[in-house]
Amino acid sequence: MTASLLAACITLQAKEVNVSDDLAPEAATGFEEKSLVKASKHMVVAAHPLAVKAGDEVLRKGGSAADAAIAVQLVLNLVEPQSSGIGGGAFTLYFDAQKNTLTTLDGRETAPSEATPTLFQDDNGKPLKFYDAVVGGRSVGTPGTVKLLEDLHQRYGKRPWSELFQPAIKLAEEGFTVSPRLASLIAKDQKRLSRYPNTRQYFFDEKGQPLQAGAVLKNPEFAKTLRLIASRGSKAFYEGQLADRIVKTVREAKGNPGLLSKKDLRNYQIKERTPVCSGYRQYSVCGMGPPSSGATTVGQILGILQSYDLASLGPVNPESWRLFAGASRLAFADRARYLADSDFVPVPVQGLLDNQYLADRAQLLQSSDQALKTVSAGTPVWQHASIQADDQSIELPSTSHISIVDAQGNALSMTTTIENGFGSRLMVGGFLLNNEMTDFSFASHNNGTPIANRVEPGKRPRSSMAPTIVMNKEGQPYMVIGSPGGSRIISYVAKTLVAHIDWGMDIQEAIALPHKLNPFGVYELEQDTEAERLKPELEKLGYPVKVRELNSGLHGIVITEEGLEGGADPRREGVAIGI
Ligand code: GLY
């Protein structure tokens with residue numbers, strides 16, 4: 001590779017993530033071998049054993065997948081507070097077995113009505129440094145999770161709403177054990193976590209030391225918040241005293257106040273979106289459309305790979321990974337140009353997933369002796385064309401994923417987040433508030449051309465979250481999968497689908513398969529795994545290569561004729577439980 005090509009690749013990468021995500025608080029804390037879990041009736045897979053246990057208990061009482069997800073989410077908020085919770089947002093896919101329908105619900109945070117495209121720029125129009133924007137009130141969007149849980153319950157719930165809050169209330173009052181992962185993340189983020197008194201008080205002990213693994217942590221304030229929502233529903237969150245406290249916390253955040261108002265909270269709405277499905281081999285891979293880029297970009301990667309016989313090539317052949325990288329880079333170039341909240345900008349989802357368009361893009365990967373030299377957005381068929389510039393977003397690893405199948409065959413795939421690890425670092429009512437607004441592009445224009453994912457009032461920031469349900473030829477759910485990981489979510493999910501569908505790995509093996517990702521030009525190989533062995537071959541093809549932690553949190557279930565098979569990511573603390 002020439003020096004100028006190498007520089008061009010690095011510039012492209014730097015443009016997307018201009019802060020070292022080695023500093024991000026969501027780094028790995030180890031790798032724990034896990035085995036495939038089999039069940040015949042129901043299954044829950046999520047990021048913490050206590051949360052999974054709560055979901056399993058709901059299912060044992062005859063609850064639906066939606067009921068179980070509510071219990072899981074509330075416990076996750078408590079025991080994995082850095083990743084998701086009622087101060088954030090989520091996307092959910094729900095397959096209703098009785099009605100035979102797949103529904104996608106958008107509980108994404110929205111930009112406050114006072115926000116403008118220059119929210120993350122200084123007085124000279126220069127984008128702020130990432131953490132200067134994140135920590136404080138400026139990054140907080142109107143949370144969606146409580147309304148989403150309530151919506152799920154109204155549509156699909158079988159157990160009483162308040163019952164689903166009991167596991168989290170009990171743990172918050174009696175205390176839970178701080179896990180090694182949480183302790184290590186608190187230690188890494190000490191400086192930012194100590195900026196605001198409520199947050200400092202919660203995550204540090206009486207001597208001012210960060211909480212250690214094994215410490216028992218109680219959260220009576222969160223228990224109080226949960227009791228309120230359990231008895232009065234989402235109104236108790238979006239209106240009244242709790243809403244007032246949220247608004248005050250955001251608007252009075254020292255050094256970096258935000259714009260969230262009571263009106264923003266009162267007006268928040270869940271949006272039912274059309275599922276985005278694309279064919280891959282004999283399956284239909286369905287997920288969340290805009291404002292998430294998840295399903296569209298996963299669908300594009302798979303759609304480009306469809307032209308190649310990955311099954312014959314196999315998982316060890318560098319050619320498979322050249323194709324995976326090429327498909328990812330082409331899909332991510334389109335994502336940077338076109339993907340944003342489709343309520344605000346036209347997004348050519350159909351054109352981007354059109355078979356002929358993807359077959360044409362796949363032609364660009366025909367030369368098998370080198371990495372793509374240049375990658376730019378394509379020109380899909382578009383009903384409503386507009387001129388847009390490539391965006392400049394910073395997306396660090398974060399978030400959590402829940403997969404559930406219940407005894408009736410209902411399936412739920414939910415990816416949930418407060419964005420960066422520990423969100424905005426603002427805490428109120430015992431929970432952390434999100435920093436989801438920093439998922440917008442900090443720059444609003446590029447040389448005068450508007451960026452689709454710029455901040456606008458009431459808009460939802462583009463997400464990478466890719467909760468997925470794969471449907472079989474009979475139109476029934478076959479696989480439930482998703483992951484945290486910022487923009488890497490898309491590659492993690494696509495890799496796992498290829499490993500299972502093309503290479504025949506069971507769901508646990510597919511999740512554990514070492515990551516090799518290349519959405520932006522630099523090949524990232526998972527450190528301390530066999531992925532590192534590919535380094536010389538990939539460098540020979542012309543890729544700059546970086547060996548690093550790749551901390552996915554993939555949680556998946558495969559539904560076979562013999563029963564359910566579940567896999568939890570060995571890179572995190574999650575488990576699969578089923579009966
Ligand atoms: N904040 C993570 C995502 O939405 O992609």
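Whatever order the structure lists ligands and atoms in, that order sets their numbers, starting from 1.
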**Study point:** Any R108 heavy atom less than 4.0 Å to ligand 1
**Key:** yes
Practice item. Under 4.0 Å from a heavy atom of E436: give me the atoms of ligand 1 that qualify, with their elements. Key: 1 (N), 2 (C), 4 (O)
Practice item. Working to the nearest 0.5 Å, report the span between OG of S487 and OH of Y492. Key: 8.5 Å
Practice item. For T399, counting its heavy atoms only, list the atoms of ligand 1 lying under 4.0 Å from any of them. Key: 2 (C)
Review point. Do ligand 1 and S463 have nitrogen or oxygen atoms that lie under 3.5 Å from each other?
Key: yes
Exercise for review: Would you confirm whether T92, through its side chain, and M414, through its main-chain N or O, come within 3.5 Å as a donor-acceptor pair?
Suggested key: no
Review point. In terms of side-chain geometry, is the basic nitrogen of D106 or R108 positioned less than 4.0 Å from the acidic oxygen of its partner?
Key: no
Point to revise | Backbone of G423 reached by a side-chain donor or acceptor of N420 within 3.5 Å | key: no
Review point. Under 4.0 Å from any heavy atom of M465, which atoms of ligand 1 are there?
Key: 3 (C), 4 (O), 5 (O)
Exercise for review: List every atom of ligand 1 that sits less than 4.0 Å from any heavy atom of D439, numbering the atoms from 1 in the order shown and giving each element.
Suggested key: 1 (N), 2 (C), 3 (C), 4 (O), 5 (O)
Review point. Between the main-chain N or O of K459 and the side-chain N or O of T110, is there a donor-acceptor pair closer than 3.5 Å?
Key: no
Exercise for review: Hey, can you tell me if F442 and F130 have their rings parallel, tilted or perpendicular (30° and 60° cut-offs)?
Suggested key: parallel
Review point. Relative to the heavy atoms of S464, which atoms of ligand 1 are at a distance of less than 4.0 Å?
Key: 3 (C), 4 (O), 5 (O)
Review point. Counting only heavy atoms, which portion of R460 has something under 4.0 Å from ligand 1: side chain, backbone, both, or neither?
Key: neither
